[in-house]
Amino acid sequence: MTLRIATWNVNSVRQRLGHLKDFTDSHQPDVLCLQETKVQNSEFPEHDIKSMGYKTVLFHGQKSYNGVAILCKKEIEINNQLIWCKKDDCRHLSITLKDGVQIHNFYVPSGGAIPDPEQNDKFAHKLQFIKEMTKWISDPAQKNEKLVIVGDLNVAPLVNDVWNHKKIQKSVGHTPLECDLMEKLREAGNLTDVGRHFVSADQPLYSWWGYRYKPSFVKNYGWRLDHILTTESLKSALQHFEIVKDTRGWEKPSDHVPSIVDLNL
DNA sequence: ATGACACGATTGTCGTGA
């Protein structure tokens, strides 16, 4: 059986319903994890999403900012949401499927503009969040499970995860400190970076193109901020990976595009 | 070189994203 999991920072679920339907129809994910839904639970467009074919729709949101959701066509055994950095700011949701595969959907804090935890609380929060994830995945109780960790991790860890490594090194999201923390997270869980499992590290690979500089997408000034990581027990199941770049060229797009993994279970 | 745009909550403009 093939399980297709996708992750997409949609930058407002209500603004992206048309794109969600088109992506669902064209790529048929079994599980679609969303970030930056930007809507409180009472306003979540549950009915619209269910009519796209998702049996189970889980959401954890707040007004204006953040928010995650998991859309699933399969039966779910367990669902859960964890608190990170002692704040319930809607950055995590997880499900466990009947076969024991756990899917964890994360929206890591972006970290503000100044890459200094002394001067910038948002950056301190981001560093703390990644450290907590590292501690969490270090626990053999997690590490030995069949885990798929997806989401907008807001770090582009490798040289070819940004369009200009030299220029961007001083920017939040690609500082040596953040890149190092991401590598430690990966090592702590003995995780496979699925994108780089399929696309060699010497090739550019991006999932985000900013809005502010208009021609960013045309010029391919991108960053790889969205990730899929799997634990060791799923490594042999990895079958296919894809970043669906097309969506960035659609009308009124999210600044992020979906990433997809197929697992052969 | 951090401005540029998009979004939500608001009614004028601000906080946020990265």
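So that the names make sense, note that chain A is the first sequence line, chain B the second, and so on, each numbered from 1.
Atom P of nucleotide B:dA9 and atom CD of A:Gln62 are separated by 10 Å, given to the nearest angstrom. When rounded to the nearest whole Å, the span between NZ of A:Lys214 and P of B:dA4 equals 13 Å. We find that CD of A:Gln35 is positioned 17 Å from C1' of B:dT16, with the value rounded to whole Å. For the pair A:Asn120 CG and B:dA18 P, the interatomic distance rounds to 14 Å; values are reported in whole Å. Summarising the geometry, the separation between CD on A:Gln119 and P on B:dT2 is reported as 15 Å, rounded to the nearest angstrom. Across the protein-nucleic acid pair, A:Lys252 atom NZ and B:dC7 atom P stand 5 Å apart, rounded to whole Å. In this structure, A:Asp255 atom CG and B:dC5 atom P are separated by 14 Å, rounded to whole Å. In this entry the distance linking CZ of A:Arg16 with C1' of B:dG17 reads 13 Å, nearest Å.
Among pairs with a residue in residues 31-56 of chain A, those fulfilling ring pair (Phe, Tyr, Trp, His ring centres under 6.0 Å) read A:Phe44-A:Phe59, at least two apart in sequence or across chains.
Under 4.0 angstrom from either OP1 or OP2 of B:dG8 there lies at least one side-chain N or O belonging to A:Gln15. The phosphate of B:dA18 (OP1 or OP2) has a side-chain N or O of A:Asn154 nearer than 4.0 angstrom. An OP1 or OP2 oxygen of B:dA18 is reached within less than 4.0 angstrom by no side-chain nitrogen or oxygen of A:Lys126. Under 4.0 angstrom from either OP1 or OP2 of B:dG17 there lies no side-chain N or O belonging to A:His256.
The side chain of A:Ser110 has B:dG17 as its nearest neighbour among B:dT16, B:dC7, B:dG17. Looking at the side chain of A:Ser171, the nearest of the listed nucleotides B:dA18, B:dA6, B:dT2 is B:dT2. Distances from the side chain of A:Tyr65 to the nucleotides B:dC7, B:dG17, B:dG15 place B:dG15 closest.
Taking 4.0 Å as the cut-off between side-chain N and carboxylate O, A:Glu183 and A:Arg186 count as a salt-bridged pair.
Among A:Lys131, A:Lys170, A:Lys126, the one residue that satisfies the salt bridge (charged side-chain N to carboxylate O under 4.0 Å, His left out) test with A:Glu178 is A:Lys126.
Using a 3.5 Å distance cut-off with no hydrogens or angles, the side chains of A:Gln35 and A:Asn105 do pair a donor with an acceptor.
The base of B:dG8 is not paired with the side chain of A:Arg14 by any donor and acceptor separated by under 3.5 Å. In the interface, the side chain of A:Arg212 is not paired with the base of B:dA6 through any donor and acceptor atom under 3.5 Å apart.
Between A:Phe129 and A:His125, the ring planes are perpendicular. Angles over 60° get that label, and only those under 30° would be called parallel.
Summary of the strand contacts: A:Ser12 and A:Tyr211 both lie near DNA chain B, and taking for each the nucleotide with the nearest heavy atom, the more 5' one is attributed to A:Tyr211. Remark on DNA chain B: of its neighbouring residues A:Lys63 and A:Val172, the 5'-side contact belongs to A:Lys63, judged by nearest-heavy-atom nucleotide.
With a cut-off of 3.5 Å on both pairing distances, B:dA4 has no Watson-Crick or G-U wobble partner at all. Shown here, B:dT11 forms no base pair; nothing in the strands shown gives a Watson-Crick or G-U wobble contact with both key distances under 3.5 Å.
Nucleotides B:dT2 and B:dT13 are separated by 26 Å at their P atoms, to the nearest Å. Between B:dA1 and B:dC14, the distance separating the two P atoms is 27 Å to the nearest Å.
For A:Val159, the side chain to side chain contact (heavy atoms under 4.5 Å, CB included) criterion is met by A:His165, not counting sequence neighbours.
Residue contacts shown for A:Tyr107 are limited to sugar-phosphate atoms, with no base heavy atom under 4.0 Å away. Counting non-hydrogen atoms under 4.0 angstrom, A:Asp152 reaches the backbone sugars and phosphates but no base.
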